Enquirer: 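Following this message is one structure expressed as structure tokens.
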Amino acid sequence: MMLEAPLMATHIYINLNLSSTATLLLPLSVSFPKPRTKTKPWKLRPVVASSSSYSSSSWSQNQIVGGLLLPPDEGNYTNSKKAGRVSPRKKRERVFFLDVNPLCYKGSTPSLHAFAHWISLFFSQVSHTDPVIAVIDGERCNEYRRQLLPSYKAHRRKFLQKFSTTLRSKSPVRRSHQVISDVLRKCNVPVVRIEAHEADDVVATLVGQVLQRGYRVVIASPDKDFKQLISEDVQIVMPMPEFDRWSFYTLKHYVAQYNCDPQSDLSLRCILGDEVDGIPGIQHVVTGFGRKTALKLLKKHGSLENLLNAASVRTVGRQYAQDALTKHADYLRRNYKVLALRRDVDVHLQPEWLSERDTLNDSVILSNFINSLGETQCLNQQYGSYPNG
């Protein structure tokens with residue numbers, strides 16, 4: 001279609017016959033140069049829509065881009081440098097990390113039924129075909145931190161390993177780790193377990209490797225220790241027993257809940273301690289040094305190390321806070337070593353772990369697993385508990 005000056009302006013209507021029952025008229029306003037000016041002719045490229053591709057009913061869910069209605073998939077396209085072409089806007093793919101141990105409890109009671117329930121919901125409602133990497137605590141996983149702080153998780157009794165040296169191999173407790181690993185592998189989920197390392201540290205190390213490859217990360221766990229990893233590219237999805245579903249927890253949720261940056265989360269916990277994990281806070285040695293004081297100081301100085309360095313050369317707060325930071329600096333630095341997730345575990349991301357997960361047999365595998373759990377009912381009745389953390 002060629003339109004020449006000296007026309008000032010006009011309106012053109014493009015008739016799109018989307019189907020036998022629907023017609024869409026798109027107004028297109030075109031402005032032209034003033035008369036008596038030599039210009040090159042304007043070229044208008046007609047918009048073509050195939051009635052076989054898009055029915056009239058599909059347009060109700062389409063997006064509007066540049067004044068034109070586009071199918072849902074085309075809303076993810078952007079103009080390339082070369083005029084007249086469009087290129088897909090690449091969306092960064094997600095990789096899920098599954099923290100297995102906390103999912104094996106119903107409340108504070110060991111339960112393989114709880115694991116089966118949460119993993120079923122996770123596959124069907126959360127991860128779908130996205131890659132999933134499962135991580136389990138290794139043997140003697142708490143030794144490193146207990147050498148720093150003997151009270152670290154001293155009260156916990158983990159049913160996956162507590163009785164491994166005292167019960168017969170046919171015991172369901174002895175078999176629990178292998179059973180869980182087998183189920184996950186049948187569902188095309190790699191299982192990572194590193195000797196003498198907690199799952200948290202393995203996840204933290206692998207998260208860094210996944211981010212370097214350009215993926216986003218979602219950590220599936222109720223463990224609050226993972227909040228120190230939250231960023232624009234790292235989210236948490238938590239099991240919510242009261243609602244019987246998983247719920248995403250993002251950077252926005254964290255800031256709204258704590259009114260501080262996640263970079264300060266670790267420093268804040270070092271000062272306040274963690275009773276669940278057996279880590280005493282500074283309030284146990286300095287009365288009155290609570291959350292409000294800690295937040296105020298960390299917002300000003302950014303991190304625990306910056307705060308301690310500043311307190312060593314000048315006054316940073318009221319006298320009780322100043323005395324606490326100078327007299328108990330080693331106490332707080334020890335807490336930091338215990339609470340900080342390690343990122344140096346000897347584990348290496350495998351390319352096949354990032355493949356799309358085949359979900360074809362999920363329902364059959366999980367149904368068989370649930371049906372086989374009758375023989376493990378005694379597990380919930382015989383052994384103690386430890387709270388999630």
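Side chains are part of it too, since the values below use all heavy atoms of this structure and drop only hydrogens, waters and symmetry mates. Computed from a predicted structure; not experimentally measured.
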Enquirer: Determine, for Y336 and R333, whether the Lys NZ or Arg CZ falls below 6.0 Å from the six-membered ring centre while staying within 45 degrees of the axis.
Expert: no
Enquirer: I136 and A199: which non-hydrogen atoms are nearest, and at how many Å?
Expert: C-CB, 3.9 Å
Enquirer: When you measure from the side chain of N101 to the backbone of D137, do you find a donor-acceptor pair of N or O atoms at a distance under 3.5 Å?
Expert: yes
Enquirer: Which residues satisfy the salt bridge (charged side-chain N to carboxylate O under 4.0 Å, His left out) test with E195, sequence neighbours excluded?
Expert: R140
Enquirer: Answer yes or no: is there an ion pair linking R145 with D277, defined by an N-O contact shorter than 4.0 Å?
Expert: no
Enquirer: Drop me the distance from S312's OG to L307's CG, to the nearest 0.5 angstrom.
Expert: 10.0 Å
Enquirer: Looking at every non-hydrogen atom in both residues, tell me the closest pair between R342 and A204 and how far apart they are.
Expert: O-CB, 3.5 Å
Enquirer: So, the side chain of Q283 versus the backbone of L272: is there a donor-acceptor pair under 3.5 Å, distance only?
Expert: yes
Enquirer: CG/L308 to CG/L325 distance, rounded to the nearest 0.5 angstrom?
Expert: 6.0 Å
Enquirer: Distance-only, no hydrogens or angles: does the E93 side chain make a donor-acceptor pair with backbone N or O of P131 under 3.5 Å?
Expert: no
Enquirer: Restricting to salt bridge (charged side-chain N to carboxylate O under 4.0 Å, His left out), what partner residues turn up for D130, sequence neighbours left out?
Expert: R94
Enquirer: Give a yes-or-no answer on whether the side chains of H117 and D244 include a donor-acceptor pair shorter than 3.5 Å.
Expert: yes
Enquirer: Provide the full list of side chain to side chain donor-acceptor pair (under 3.5 Å) pairs with a residue in residues 347-358, sequence neighbours left out, each pair given once.
Expert: D346-H348, R357-D362
Enquirer: Name each donor-acceptor pair under 3.5 Å that joins a side chain in residues 248-256 to protein atoms two or more places apart or in another chain, with its distance.
Expert:
from, atom 1, to, atom 2, distance (Å)
Y249, OH, Q257, OE1, 2.5
T250, OG1, K252, N, 3.4
T250, OG1, H253, ND1, 3.0
H253, ND1, T250, N, 2.9
Y254, OH, D265, OD1, 2.9

Enquirer: Tell me the closest heavy-atom pair linking L148 and V338, and the distance in Å.
Expert: CB-CG2, 3.9 Å
Enquirer: Quick check against the 3.5 Å criterion: does D99 have a side-chain atom that pairs as donor or acceptor with the backbone of S221?
Expert: no
Enquirer: Establish, for the pair R245 and F243, whether the NZ or CZ atom is under 6.0 angstrom from the six-membered ring centre and no further than 45 degrees off its axis.
Expert: yes
Enquirer: Output the distance between atom CD1 (I271) and atom CG (L339), rounded to the nearest 0.5 Å.
Expert: 11.5 Å
Enquirer: Would you confirm whether R193, through its side chain, and H177, through its main-chain N or O, come within 3.5 Å as a donor-acceptor pair?
Expert: no
Enquirer: Do NZ/NE/NH1/NH2 and the carboxylate oxygens of R269 and D225 come within less than 4.0 Å?
Expert: yes
Enquirer: Can you list everything that forms a side-chain hydrogen bond (donor to acceptor under 3.5 Å, both in side chains) with Y152? Sequence neighbours excluded, please.
Expert: E198
Enquirer: Under 3.5 Å, is there a donor-acceptor pair between the side chain of N306 and the main chain of G302?
Expert: no
Enquirer: Under the 3.5 angstrom rule, does the side chain of R92 hit a backbone N or O of Y215 as a donor-acceptor pair?
Expert: yes
Enquirer: Taking the six-membered ring for Trp, are F226 and F97 closer than 6.0 Å centroid to centroid?
Expert: no
Enquirer: Where the side chain of T359 meets the backbone of T129, is there a donor-acceptor pair that is under 3.5 Å apart?
Expert: no
Enquirer: Might you work through the salt bridge (Lys or Arg N to Asp or Glu O under 4.0 Å) test for R216 and E232, ending with a clear yes or no?
Expert: CA-CA 9 Å; R216 294 177 296 143; E232 290 286 355; over 6 Å; no
Enquirer: Can K224 and D274 be said to form a side chain to side chain contact (heavy atoms under 4.5 Å, CB included), step by step?
Expert: CA-CA 10 Å; K224 60 185 176 295; D274 189 329; 2.9 Å; yes
Enquirer: For R213, which residues count as a salt bridge (charged side-chain N to carboxylate O under 4.0 Å, His left out) partner, sequence neighbours excluded?
Expert: none
Enquirer: Restricting to non-hydrogen atoms, name the atom on A311 and the atom on Q322 that form the minimum distance, rounded to 0.1 Å.
Expert: O-NE2, 2.9 Å
